[in-house]
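As structure tokens, the structure follows; a few thoughts come after it.
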Amino acid sequence: MSLLVVGLSHRSAPVSVLERAALSADAQVKLLQDTVAAEPATEASVLATCNRIELYADVDKFHAGVAELSTLLAQHSGVGLEELTPYLYVHYEDRAVHHLFSVACGLDSMVVGEGQILGQIKDALATAQELHTAGRLLNDLFQQALRVGKRAHSETGIDRAGQSLVTFGLEQLSSGAAVDGWVKGKRALVIGAGSMSSLAAATLARAGVAEIVIANRTLDRAERLAEILTDGDDTDVLARAVPMDSVTVELTRADIAVSCTGATGLVLTAESVAVAVEGRTGEPAAEGAGSGRTASSAAVPQNAPLAPTSVGTEEGCPLDLSAVQGTAGFSVLGEAAVAGMAAAELEQHAAWVDKGDTAGRAQRPAAAGSATVLDPEADADAIAALAAAAATVGRVPERRRPEPVVEAPRPAPVLALLDLAMPRDIDAAVHRLLGVRLVDIESLAEASADAPMAADVDQVRRIVSDEVAAFSAALRAAHITPTVVALRTMAADLVASEIARLDGRLPDLDDKQRGEITQTVRRVVDKLLHAPTVRVKQLAAEPGGAGYADALRTLFDLDPETVASVSRAEDNTENAKNRGRA
């Protein structure tokens, strides 16, 4: 059997696809059950977070396993297989181990180094153990991944390279300001009471918010979280719980709202957010919310003055007609001539007069089949107009500069929204509302793409490589252990058989003599088997050593069913231990 992982993440798929492929808790359970029921897989575990969906399995056939796992992911995610396939990645055996260890260390996270993934890996293992879909391989793999992740955080400064999505999201909302100073004294609304929402509430409480309101579909869980926050020794925040139907009311009072629920639909619509901030910015959140007007039309006041576009009024142009109109030598004909010219034509011929560039001269189409020719009459008229302008102000007008775009300033945000759910809880249209700032998984992915990497990341990568080598060697050695156990069992049975035969031939032996003979025979057998079994374990731990188990079974004519029964017994013992640990 071999380890296989098929999945998609923020690195392989756009957020829109991840959002549609997100698995509910019930869907994860059904996926696990269907995976172990499928022919290629004997073990399965699902790692589903806000930015990844991965299915791990112990399979006996690579190609059949990839096809089956991909199909199952498509069926349970609701995204068609043809659409999902381009975004899937596949890791096998050592590469699969390397991938999970990297994930556990935070190297594959949206925010490098974040430690929250360790809790999600632990939850994935616990779920698989509860459903009895995790056997020896996945139990060992996930528990070792947790140890590797903890080692990376304790032995390196990977924590300095990244932070949790909550902290990173709050930093994006604060637009570069220190989070502690930005949130201090604000009122926060946290929607949801799961692990991510609890982390958000704790982070806000430690940062110094004045009040936290927890809203959850199960009010008991919201009340427990509020009680934990209130009783915490490291904060003095006021926390209270409310039912989900109070969210719209609480939103009108909140300065910050964080949402991370398992809902399949929107929790906050653009309309509800617009109502919540109505009047708090001194103007409507979005002009004509519901009236059909676009956000762009609402961004500029309807009666805003247009930018000046007449010739001579832009900055730096020497031809200021209002200033020269009363001066001596001013020509009304010159003013009329220049003012009547098209801006583009004036620009071209100003360059022609100033630099002698014939490329800007007026042209007229030639007869069909002939080249384009200059139009002398048009040139003469344009040059005369420019000469009149030059006589008025003393030089030829300069090129026109781009006209500034007049934009009405947006009001400062009065409501900051952080959406950490997948699929999203908050309508993306909220981005267009005045007075509202929204940061969601998609914008976090864009912001984290340019996040600097700490020097400790290289050290973590070395740790991962070393741990993968050690785990793979142990895994290969473990494959031969049932064969070695079966060999020693066969040898012990032979010793017992020969001692029984000796008892028949020498019935007068006393217990002391029989014991000495039995111990001597066992020592001889153990010494004969010791060197070969130790050496075969060493060889099996090396790359390509999987064939030594087959060689051992062939040389000693071991019964395959005996070896299989040893493996099953070890798996049952190990699974019982792992369930106890979980």
Side-chain angles (χ1 to χ4, degrees), residues 15-16 19 50-51 110-111 164-177 179 182-194 196-205 207 209-216 222 242 244-263 265-281 283-286 289 295 298-299 410-448:
V15 173
S16 58
E19 188 176 44
C50 58
N51 53 31
M110 187 178 294
V111 181
S164 72
L165 275 180
V166 173
T167 305
F168 188 59
L170 291 175
E171 288 182 353
Q172 297 303 306
L173 282 176
S174 65
S175 300
V179 172
W182 178 70
V183 305
K184 193 169 186 62
K186 286 183 166 62
R187 291 172 299 211
L189 170 64
V190 175
I191 306 173
M196 185 78 81
S197 299
S198 300
L199 177 61
T203 303
L204 289 167
V209 293
E211 179 188 37
I212 295 179
V213 178
I214 311 295
N216 193 56
V242 298
M244 282 293 287
D245 55 13
S246 299
V247 165
T248 53
V249 176
E250 296 296 339
L251 198 63
T252 63
R253 304 175 60 252
D255 303 302
I256 305 169
V258 181
S259 186
C260 186
T261 73
L266 293 176
V267 175
L268 293 178
T269 63
E271 290 76 10
S272 63
V273 175
V275 171
V277 298
E278 191 78 29
R280 292 164 67 177
T281 62
E283 56 185 279
R410 291 177 66 91
V414 297
L415 178 60
L417 301 173
L418 178 57
D419 186 359
L420 299 174
M422 183 63 68
R424 72 188 73 198
D425 281 346
I426 303 175
D427 190 347
V430 167
H431 278 294
R432 299 193 295 266
L433 297 179
L434 297 179
V436 179
R437 177 163 171 74
L438 171 64
V439 169
D440 54 19
I441 291 295
E442 189 166 11
S443 53
L444 283 177
E446 294 173 357
S448 64

Close side-chain approach of [X] and [Y], heavy atoms under 4.5 Å:
| X | Y | answer |
| --- | --- | --- |
| I256 | W182 | yes |
| M196 | C50 | yes |
| L204 | L170 | yes |
| Q172 | L418 | no |
| V213 | R187 | no |
| V273 | L433 | yes |
| L420 | L444 | yes |

Rounded to the nearest 0.5 Å, what's the gap from [atom1] on [X] to [atom2] on [Y]? Could you check?
| X | Y | atom1 | atom2 | result |
| --- | --- | --- | --- | --- |
| M110 | N51 | CE | CG | 4.5 Å |
| R253 | R280 | CZ | CZ | 10.0 Å |
| E278 | T252 | CD | OG1 | 12.5 Å |

Shortest non-hydrogen contact between [X] and [Y], atoms and distance:
| X | Y | answer |
| --- | --- | --- |
| P423 | A263 | CG-O, 3.9 Å |
| V209 | A188 | CG1-CB, 4.4 Å |
| S175 | R437 | OG-NE, 3.8 Å |
| L165 | I441 | CD1-CD1, 4.4 Å |
| C260 | A421 | CA-CB, 4.0 Å |

Could you work out, with side-chain hydrogen bond (donor to acceptor under 3.5 Å, both in side chains) as the rule, every residue matching S272, not counting sequence neighbours?
T269
Under the side-chain hydrogen bond (donor to acceptor under 3.5 Å, both in side chains) test, residues paired with S259 that sit two or more places apart
D425
D255 side chain to K186 main-chain N or O, any donor-acceptor pair under 3.5 Å?
no
With distance as the sole test, does S246 use its side chain to make a donor-acceptor pair with the main-chain N or O of V249 at under 3.5 Å?
no
E442: partners by side chain to side chain contact (heavy atoms under 4.5 Å, CB included), with sequence neighbours left out:
V15, R424, D440, E446
